[in-house]
Amino acid sequence: MPGGTLSQNGWAGTLRGMPAAGASAERSRTVGKHEIELFTEITGDRNPLHYDEAAAKASLFGGLIVQGGVTSGILNAVVAEDLPGPGTVFLGTELKFVKAVYVGDTITGRVEVTNVREDKPICNLAVWVRNQKGEVCLSGTATTYTAPLRSGDRA
């Protein structure tokens with residue numbers, strides 16, 4: 001375009017389109033021994049704090065805790081399913097684990113959009129995971145990219 005630039009929205013083709021700054025989404029899940037076992041099957045993490053009740057009880061945690069990857073993993077579901085939505089992957093995360101998540105806890109992962117690029121499907125997010133008492137277990141920031149998908153790829 002002579003004398004100017006052509007502006008194109010980088011979110012074209014994404015299933016949910018460009019989210020607004022301030023938008024938020026959350027998901028909850030109760031975590032237990034089953035989730036610990038599934039995570040171990042994938043990663044090989046057999047830390048006694050997750051499996052040995054006597055060792056975990058004698059530790060500073062006072063009981064069995066779930067792996068950090070289980071705690072942070074709920075955020076994967078929030079960004080891929082809810083906000084920004086299908087096609088979204090993490091480009092980067094900065095996470096602080098501030099409180100252990102125990103077997104039987106119900107965790108809620110929450111993301112809030114803090115910045116959105118219009119030229120590319122990239123978002124900056126504030127992220128948290130809280131337990132059933134509302135206590136923050138994890139907090140941080142994330143950057144996501146949302147791949148354009150054909151509508152037949154995912155509803």
Side-chain angles (χ1 to χ4, degrees), residues 1 4-47 49-50 61 64-155:
M1 184 168 159
T5 59
L6 181 61
S7 175
Q8 184 172 0
N9 184 311
W11 292 83
T14 61
L15 293 185
R16 301 252 168 93
M18 187 173 78
S24 64
E26 62 183 40
R27 282 183 171 242
S28 297
R29 178 180 183 97
T30 300
V31 293
K33 289 183 179 181
H34 179 68
E35 287 73 19
I36 290 171
E37 291 165 0
L38 289 173
F39 193 79
T40 296
E41 187 175 324
I42 294 167
T43 66
D45 179 354
R46 295 188 188 284
N47 187 326
L49 293 172
H50 312 309
F61 297 106
L64 290 175
I65 60 172
V66 302
Q67 295 100 327
V70 173
T71 301
S72 63
I74 196 167
L75 298 171
N76 294 67
V78 178
V79 302
E81 300 295 330
D82 304 314
L83 181 70
T88 301
V89 296
F90 286 116
L91 294 177
T93 59
E94 176 71 30
L95 304 176
K96 294 179 182 174
F97 293 83
V98 297
K99 183 166 183 51
V101 172
Y102 293 86
V103 170
D105 279 357
T106 298
I107 56 173
T108 300
R110 180 178 175 82
V111 304
E112 183 175 319
V113 177
T114 58
N115 186 52
V116 182
R117 286 186 56 171
E118 187 173 337
D119 64 322
K120 294 182 179 181
I122 294 175
C123 285
N124 296 107
L125 307 170
V127 301
W128 304 269
V129 176
R130 296 179 188 271
N131 63 19
Q132 67 277 5
K133 298 175 186 173
E135 299 166 324
V136 174
C137 299
L138 174 156
S139 65
T141 58
T143 302
T144 60
Y145 175 84
T146 304
L149 298 173
R150 295 183 312 268
S151 61
D153 291 344
R154 181 77 190 263

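Nothing here was measured: the structure is a model prediction, and the numbers come from that model. Residues: numbered from 1 along the sequence shown. These numbers come from the heavy atoms of this one structure, side chains and all, not from hydrogens, waters or symmetry mates.
Closest non-hydrogen pair, Lys99 versus Asn131, comes out as CE-ND2, 3.9 Å. For the pair Val127 and Ala142, the tightest heavy-atom approach, listed with the atom from each and the gap, is CG1-CB, 4.1 Å. For Leu75 against Gly109, the heavy-atom pair with the smallest separation is CD2-CA, 4.1 Å. Of all the heavy atoms in Asp45 and Asn47, the pair that sits closest is OD1-N, 3.1 Å. Across every non-hydrogen atom of Gly104 and Thr30, the tightest pair is O-CG2, 3.7 Å. For the residue pair Pro86 and Glu81, the shortest heavy atom distance occurs at CD-O, 4.2 Å.
With rounding to the nearest 0.5 angstrom, the OH atom of Tyr145 is 7.5 Å from the CD1 atom of Ile122. Glu26 contributes atom CD, which lies 9.5 Å from atom CZ of Arg130 (distance to the nearest 0.5 angstrom). The distance from atom CD1 of Ile36 to atom CD1 of Ile65, rounded to the nearest 0.5 Å, is 8.5 Å. In this structure, CG on Asp105 lies 13.5 Å from CZ on Arg29, to the nearest 0.5 angstrom. Between the CG atom of Leu83 and the SG atom of Cys123 there is a distance of 7.0 Å, given to the nearest 0.5 Å. Here the CG-CG distance, from Leu138 to Leu95, works out to 5.0 Å after rounding to the nearest 0.5 Å.
A side-chain donor-acceptor contact under 3.5 Å links Trp11 to the backbone of Arg117. Side chain of Asp82 to backbone of Gly85: no donor-acceptor contact under 3.5 angstrom is found.
For Thr114 and Asn124, the side-chain atoms include no donor-acceptor pair closer than 3.5 Å. In summary, the side chains of Thr144 and Thr88 do not present any donor paired with an acceptor at a separation below 3.5 Å, with no hydrogens or angles considered. Ser24 and Arg110 share a donor-acceptor pair across their side chains, judged by distance under 3.5 Å alone. Side-chain contact of Gln132 with Thr108: a donor-acceptor pair under 3.5 Å is absent, judged by distance alone.
The environment of CZ in Arg27 is crowded: more than 12 heavy-atom neighbours from other residues, nucleotides or ligands sit within 6.0 Å.
Counting only heavy atoms from C-beta outward, the side chains of Met18 and Glu118 approach each other to under 4.5 Å. Between Phe61 and Tyr102, the closest side-chain pair of non-hydrogen atoms falls below 4.5 Å. When side chains are defined from C-beta on, Asn76 counts as touching Phe90, because their heavy atoms get closer than 4.5 Å. Residues Val31 and Ile107 are in side-chain contact: their nearest non-hydrogen atoms beyond the backbone lie under 4.5 Å apart. Under the 4.5 Å side-chain criterion, counting only non-hydrogen atoms from C-beta, Phe97 is not in contact with Cys137. A 4.5 Å side-chain heavy-atom check between Val101 and Val70 finds every atom pair outside the cut-off. Pro84 is not listed as a side-chain neighbour of Thr14, based on a closest heavy-atom distance of 4.5 Å or more. A 4.5 Å side-chain heavy-atom check between Val129 and Ile74 finds at least one atom pair inside the cut-off.
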Start with the C-alpha gap between Ser28 and Thr106, add the side-chain angles, then the distance that decides, and say whether side chain to side chain donor-acceptor pair (under 3.5 Å) holds. CA-CA 7 Å; Ser28 297; Thr106 298; over 6 Å; no

Would you please test Leu49 and Leu64 for side-chain contact (heavy atoms from CB on, under 4.5 Å) and show each step? CA-CA 6 Å; Leu49 293 172; Leu64 290 175; over 6 Å; no

